[in-house]
There are 4 protein chains.
Amino acid sequence: MGLEEAQKAVDKWISQYKEGYWPIYEMFARLTEEIGELAREINHRFGHKKKKAIEDKKEIADELGDLIFTICCIANSQRISLRKAFQKTMDKMYKRNGNRFKKK
Amino acid sequence: MGLEEAQKAVDKWISQYKEGYWPIYEMFARLTEEIGELAREINHRFGHKKKKAIEDKKEIADELGDLIFTICCIANSQRISLRKAFQKTMDKMYKRNGNRFKKK
Amino acid sequence: MGLEEAQKAVDKWISQYKEGYWPIYEMFARLTEEIGELAREINHRFGHKKKKAIEDKKEIADELGDLIFTICCIANSQRISLRKAFQKTMDKMYKRNGNRFKKK
Amino acid sequence: MGLEEAQKAVDKWISQYKEGYWPIYEMFARLTEEIGELAREINHRFGHKKKKAIEDKKEIADELGDLIFTICCIANSQRISLRKAFQKTMDKMYKRNGNRFKKK
């Protein structure tokens with residue numbers, strides 16, 4: 001499952017429905033909802049009042065899956081290639097941050 | 001570039017440095033920083049005081065690339081497979097939301 | 001109810017318990033949870049799939065109240081005066097942004 | 001400076017300009033920008049790569065002041081009383097959470 005396949009899988013799911021992609025601000029608000037749900041799971045698993053570990057680890061994964069879904073929605077609606085965007089980020093990391101941290 | 005390759009590319013970059021992955025809460029705080037940067041670009045491009053369109057569209061893509069990078073960091077540090085997590089989200093979407101919206 | 005009284009009311013409530021203020025990163029994660037809950041209510045009330053208006057308006061208010069509570073927690077734990085911080089923001093707005101927008 | 005006075009001070013500032021309050025989604029996006037700026041300052045001050053303490057403490061205060069400003073904007077635009085909303089949160093805390101934590 002590549003970033004392009006992920007975007008296509010989301011587009012296929014969305015394309016079933018008349019509704020189509022939400023307006024950009026509503027997708028962004030949905031994205032922050034999921035960030036909030038991720039925050040809750042991080043506090044459950046790593047906070048000073050931990051819940052049991054096993055189930056929670058799974059839930060952090062679930063929230064990350066939902067985050068990827070919503071990022072694909074935003075990218076698709078703007079005709080952005082996440083593969084290219086991510087590649088650009090990696091190029092930037094190698095160029096800009098190359099000497100910021102101590103190498104092994 | 002697949003989700004697994006993206007995670008591996010991030011791990012390769014991180015592995016150059018002594019520092020390794022940041023503590024989970026610091027990565028989460030970094031994630032919210034990037035959400036904030038995405039919000040700024042969305043307001044620049046779609047808000048009532050728009051900036052010029054061409055450059056900004058690129059910038060939304062850049063922020064999404066940075067978001068994917070940080071999500072890979074969080075996933076790697078927790079040994080989470082984004083491919084599996086995303087697949088689980090898609091399965092959930094097909095099951096739960098199948099009848100929520102009007103089909104074409 | 002002033003900003004100082006709000007901070008004192010929160011401190012009085014927290015002081016009942018052995019636990020005290022949470023670590024800063026956990027309070028910050030809680031803050032993003034509440035931002036996510038606010039996002040959900042904004043989508044419910046203003047999104048293209050609106051719920052009924054009356055109850056939802058109340059809920060946006062509830063989320064803002066919870067936000068103020070968590071901001072008071074963070075401020076108290078860092079011995080920050082929200083009154084002074086807000087005054088500084090207002091001073092900045094009058095100085096910096098004074099000529100940015102068209103006056104009436 | 002009370003919560004009502006804070007809301008009035010923001011309204012007075014906004015009222016100078018033709019523009020008025022931003023659309024709700026743009027104010028919400030601005031709110032997440034400020035959450036992101038707060039995250040950056042928390043990482044600067046408390047992360048494993050701390051910057052010097054004195055200046056940063058001031059900056060967390062600044063971000064909290066900006067947060068209060070934007071929350072006042074959202075509340076004003078929706079005719080929400082932050083004083084009442086906060087009071088309701090405090091009432092809820094005393095009722096619901098009264099027995100959740102160990103009392104001193």
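Chain identifiers are assigned alphabetically (A, B, ...) following the order of the sequence lines, protein sequences preceding nucleic acid strands; residue numbering begins at 1 within each chain. Since this is a predicted model, take the numbers as computed values, not measurements.
- In this structure, chain D has no heavy atom under 4.5 Å from any part of C:Ser81.
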Give the C-alpha distance, both sets of side-chain angles, the deciding distance and a yes or no for side-chain contact (heavy atoms from CB on, under 4.5 Å) between C:Asn43 and D:Phe28.
CA-CA 11 Å; C:Asn43 265 353; D:Phe28 176 75; over 6 Å; no

Using the side-chain contact (heavy atoms from CB on, under 4.5 Å) rule, take D:Thr32 and C:Thr32 through it: C-alpha gap first, then chi angles, then the decisive distance, then the call.
CA-CA 9 Å; D:Thr32 64; C:Thr32 64; over 6 Å; no

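- Residues D:Gln16 and C:Tyr94 meet the side-chain proximity criterion, which asks for heavy atoms closer than 4.5 Å.
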Step by step, work out the side-chain contact (heavy atoms from CB on, under 4.5 Å) result for C:Phe86 and D:Leu67.
CA-CA 9 Å; C:Phe86 175 73; D:Leu67 268 181; over 6 Å; no

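- For the atom pair CD1 (C:Ile35) and CD1 (D:Ile35), the distance works out to 4.0 Å, reported to the nearest 0.5 Å.
- At a 4.5 Å heavy-atom cutoff, the contact between C:Ile42 and chain D is made by backbone and side-chain atoms alike.
- Scanning all heavy atoms of the two residues, the minimum distance from D:Ala61 to C:Ala85 falls at O-CB, 3.2 Å.
- Of the inter-residue distances, the one linking C:Ile74 atom CD1 with D:Leu38 atom CG reads 6.0 Å to the nearest 0.5 angstrom.
- To the nearest 0.5 Å, the span separating CD1 on C:Ile68 from SG on D:Cys72 amounts to 6.5 Å.
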Go through it in stages, so that I can follow the logic: the residues are C:Arg45 and D:Ile24, the test is side-chain contact (heavy atoms from CB on, under 4.5 Å), and I'd like the CA-CA distance, side-chain angles, deciding distance and then a yes or no.
CA-CA 11 Å; C:Arg45 183 160 163 71; D:Ile24 184 84; over 6 Å; no

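- How far CD of D:Gln78 is from CZ of C:Phe46: 3.5 Å, rounded to the nearest 0.5 Å.
- Residue contact with chain C, scored on non-hydrogen atoms closer than 4.5 Å, involves the side chain of D:Leu82 exclusively.
- With rounding to the nearest 0.5 Å, the separation of CD in D:Glu5 from CZ in C:Arg83 is 12.0 Å.
- In this structure, D:Thr89 contributes its side chain and C:Asp66 its backbone to a donor-acceptor pair below 3.5 Å.
- Distance check: C:Phe69 CZ to D:Met93 CE gives 3.5 Å after rounding to the nearest 0.5 Å.
- The candidate with the highest count of non-hydrogen atom pairs below 4.5 Å against chain D, out of C:Ser15, C:Gly65, C:Ala39, is C:Gly65.
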